[in-house]
Amino acid sequence: MKLLILPLTLLIFLMFEVPETLLLIAVLTAGMPSATTTTVYAQKFGADAVFASYGVIHSTILCLLTIPLLYCFLQWLMT
């Protein structure tokens with residue numbers, strides 16, 4: 001959900017005169033997987049570190065699909 005919803009919300013900037021390269025960078029950066037420090041913080045503050053690590057692993061694996069899809073979608077949208 002984070003890998004698609006957050007980047008697609010940035011498409012609202014298409015209505016403004018934002019340079020295409022800047023928008024592409026912002027959308028792809030927003031679609032990156034969850035940070036691995038999430039697991040460290042979960043362990044430090046007594047939360048479920050195993051669950052947090054599963055979230056990081058799943059988002060990293062899914063980004064192998066979502067990043068190219070976002071890129072292709074943006075290229076199609078900007079042409």
- Message: Do Leu28 and Ile5 sit in one hydrophobic cluster, given that two such residues count as connected whenever their side-chain heavy atoms are within less than 4.5 Å of each other, even indirectly?
- Response: no
- Item | From Leu74 atom CG to Leu8 atom CG, the distance as rounded to the nearest 0.5 Å | 8.0 Å
- Note on the structure: Here the gap from Thr29 atom OG1 to Leu6 atom CG, rounded to the nearest 0.5 Å, amounts to 10.5 Å
- Message: With a 4.5 Å cut-off on side-chain heavy-atom distances among I, L, V, M, F, W and Y, is there a chain of contacts connecting Phe16 to Leu11?
- Response: yes
- Single-linkage hydrophobic cluster, 4.5 Å side-chain cutoff, Trp76 and Val18 together: yes
- Under a 4.5 Å cut-off applied to non-hydrogen side-chain atoms, are Phe73 and Leu4 in contact? no
- Task: Is it possible for you to say whether Ile57 and Leu62 belong to one hydrophobic cluster, with membership spreading through side-chain heavy-atom contacts below 4.5 Å?
- Result: no
- Query: Which heavy atom of Ala42 sits nearest a heavy atom of Ala49, and at what distance?
  - Reply: CB-CA, 3.9 Å
- Query: Quick one: does Leu70's side chain get under 4.5 Å of Leu3's, heavy atoms only?
  - Reply: no
- Could you tell me whether the side chain of Thr60 reaches within less than 4.5 Å of the side chain of Thr36, counting heavy atoms only? no
- Side chain of Lys44, backbone of Thr39: donor and acceptor closer than 3.5 Å? no
- Message: Please determine whether residues Leu14 and Leu69 belong to a single hydrophobic cluster, defined as Ile, Leu, Val, Met, Phe, Trp and Tyr linked transitively by side-chain heavy-atom distances below 4.5 Å.
- Response: no
- Sub-4.5 Å side-chain heavy-atom contact between Tyr54 and Val50: yes
- Taken to the nearest 0.5 Å, the spacing of Leu23 CG from Ile12 CD1 works out to 11.5 Å
- Separation between SG of Cys72 and CD1 of Ile67, rounded to the nearest 0.5 Å: 11.5 Å
- Query: Could you state the interatomic distance from NZ (Lys2) to CE (Met32), rounded to the nearest 0.5 Å?
  - Reply: 9.0 Å
- Decide if atom CD of Gln43 counts as having more than 12 heavy atoms of other residues, nucleotides or ligands within a radius under 6.0 Å. no
- pair Thr21-Leu24: side-chain heavy atoms closer than 4.5 Å: no
- Message: Once rounded to the nearest 0.5 Å, what's the spacing between atom OG1 of Thr38 and atom OH of Tyr41?
- Response: 9.0 Å
- Note on the structure: Looking only at heavy atoms, the pair that brings Ser59 and Ser34 closest together is OG-N, 3.1 Å
